[in-house]
Amino acid sequence: MILAIASGKGGTGKTTVAVNLAQAVSSHTGESGDTTVHFLDCDVEEPNAALFLHPEIVQHRSVGVLVPEIDLSKCTYCGRCAEVCQYNAIAVVQQKVLFFPELCHGCGSCALNCPEGAIREKLRVSGAIERGTAGERLSFAQGTLNVGEAMAGPVIRQLKEWAIPERSPRALVILDAPPGTACPVVETLQGCDMVLMVTEPTPFGLHDLRLAVEVARGELNLPVAVVINREGVGDTGVEDYCTSEDIPILLHIPMDRRIAEVYSEGELVVDAIPEYRTHFCELYQRIKRGAAL
């Protein structure tokens, strides 16, 4: 099963839920004891799951997009490349070809449509992906977008292609998605079996949860479930919304000072507070039942 853990806004505890679920399932000795967990930190602009899982990285790869390189000795300045570029990354002005690499999405249309064969493609590095292990049954991978780069999608896409294994009935793939509802989130959610939304019981949490559910369930047609974090700090708006939309709430995490203290030390809640290991193992069983419906 490929499970994306997402949130409509930052700061809801999305990564906290993701890393603790991964640790609980991979180390549990009960029903899920033989489950291999593959954790992917897809929040490539600000990956931080490694701070809690402490992986040993064994592989590293530079990634990016293929961008055009123009052979001016062959170019006739016909402007066909600029005509087919949907992102305005190429402009032909008299006897000059202007290329704006930050706008290029690497679609390859310019090279395919050049009548003179004057365009070839080269890799423009925009980030890196790496993988390793964080336990006997817990593999880890993350992507990192280079500072100043605008497009996270290609890094996330190549991270998923590289690190998600072949389907196995006893494998759980957890994708820690970026916060929000923009293109990087859509890229992360594509191909998933289920989305677990982490929210907080506040008006802001409800507002952004609505947007995230619209993307996951409305646009991508994915089943959605919810974890409510910091229960007790707000109102019942999130629960009322989930009831009205028939969205299951699989776990309530109370506003617990112990969790904040553990988090601030870079530790895992399921290791420091034993009862939460049981809660997260039960969460996994509920997720499996929901994905099977």
Side-chain angles (χ1 to χ4, degrees), residues 1-9 11-28 30-33 35 37-40 42 49 52 170-177 179 181 185 188-189 192-202 205-218 220-256 259 263 268-270 273-293:
M1 175 173 58
I2 301 178
L3 172 70
I5 300 184
S7 64
K9 63 184 287 292
T12 63
K14 169 182 59 64
T15 296
T16 300
V17 170
V19 295
N20 281 281
L21 178 63
Q23 176 72 357
V25 174
S26 65
S27 61
H28 186 48
E31 181 181 346
S32 60
T35 301
V37 180
H38 304 271
F39 186 98
L40 279 65
C42 296
F52 301 93
R170 299 200 66 84
L172 169 64
V173 179
I174 296 177
L175 307 181
D176 184 8
T181 55
V185 177
T188 302
L189 267 53
C192 292
D193 298 310
M194 185 177 182
V195 182
L196 184 65
M197 296 286 182
V198 181
T199 188
E200 55 190 20
T202 64
L206 174 57
H207 175 271
D208 293 328
L209 175 64
R210 289 178 184 271
L211 297 177
V213 169
E214 183 178 340
V215 170
R217 193 165 68 171
L220 299 177
N221 197 30
L222 295 172
V224 173
V226 164
V227 168
I228 297 180
N229 190 25
R230 304 190 189 96
E231 186 177 49
V233 301
D235 52 35
T236 63
V238 169
E239 293 201 51
D240 295 341
Y241 165 73
C242 290
T243 300
S244 66
E245 295 294 325
D246 196 27
I247 299 173
I249 300 174
L250 302 187
L251 181 65
H252 294 78
I253 302 175
M255 185 66 175
D256 188 336
I259 295 177
Y263 179 87
L268 292 168
V269 176
V270 296
I273 310 176
E275 68 254 36
Y276 279 101
R277 180 177 294 272
T278 300
H279 296 330
F280 276 92
C281 288
E282 292 174 349
L283 170 62
Y284 176 55
Q285 298 306 319
R286 297 183 190 113
I287 290 169
K288 287 202 299 183
R289 289 194 292 269
L293 295 177

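Position 1 is the first residue of the sequence; numbering continues from there.
Residues passing the side-chain contact (heavy atoms from CB on, under 4.5 Å) test with Ala18 are Ile5, Phe39, Ile174, Asp176, sequence neighbours excluded. With sequence neighbours left out, the side chain to side chain donor-acceptor pair (under 3.5 Å) criterion links His279 to no other residue. Remark: Arg210 pairs with no residue by the side chain to side chain donor-acceptor pair (under 3.5 Å) rule, at least two apart or across chains. With sequence neighbours excluded, no residue forms a side chain to side chain donor-acceptor pair (under 3.5 Å) with Thr188. Val173 pairs by the side-chain contact (heavy atoms from CB on, under 4.5 Å) definition with Ile2, His38, Leu40, Ile164, Pro165, Leu175, not counting sequence neighbours. Applying the ring-ring contact (aromatic ring centres under 6.0 Å, His included) criterion to Phe280, with sequence neighbours excluded, gives no partner residue. With sequence neighbours excluded, no residue forms a side-chain contact (heavy atoms from CB on, under 4.5 Å) with Glu214. When the side chain to side chain donor-acceptor pair (under 3.5 Å) test is applied to Thr236, the partners found at least two apart in sequence or on another chain are Asp240. In this structure, the side-chain contact (heavy atoms from CB on, under 4.5 Å) partners of Ser7, at least two apart in sequence or on a different chain, are Thr12, Lys14, Pro179. Partners of Asp235 under the salt bridge (charged side-chain N to carboxylate O under 4.0 Å, His left out) rule, at least two apart in sequence or in another chain, do not exist in this structure.
Remark: Leu283 CG to Ile253 CD1 distance equals 8.0 Å, nearest 0.5 Å. Rounding to the nearest 0.5 angstrom, the gap separating the OH atom in Tyr241 from the CG atom in Leu209 is 5.5 Å.
For residues 274-285, the pairs satisfying salt bridge (Lys or Arg N to Asp or Glu O under 4.0 Å) are Arg258-Glu275, Asp271-Arg277, Glu282-Arg286, with sequence neighbours left out.
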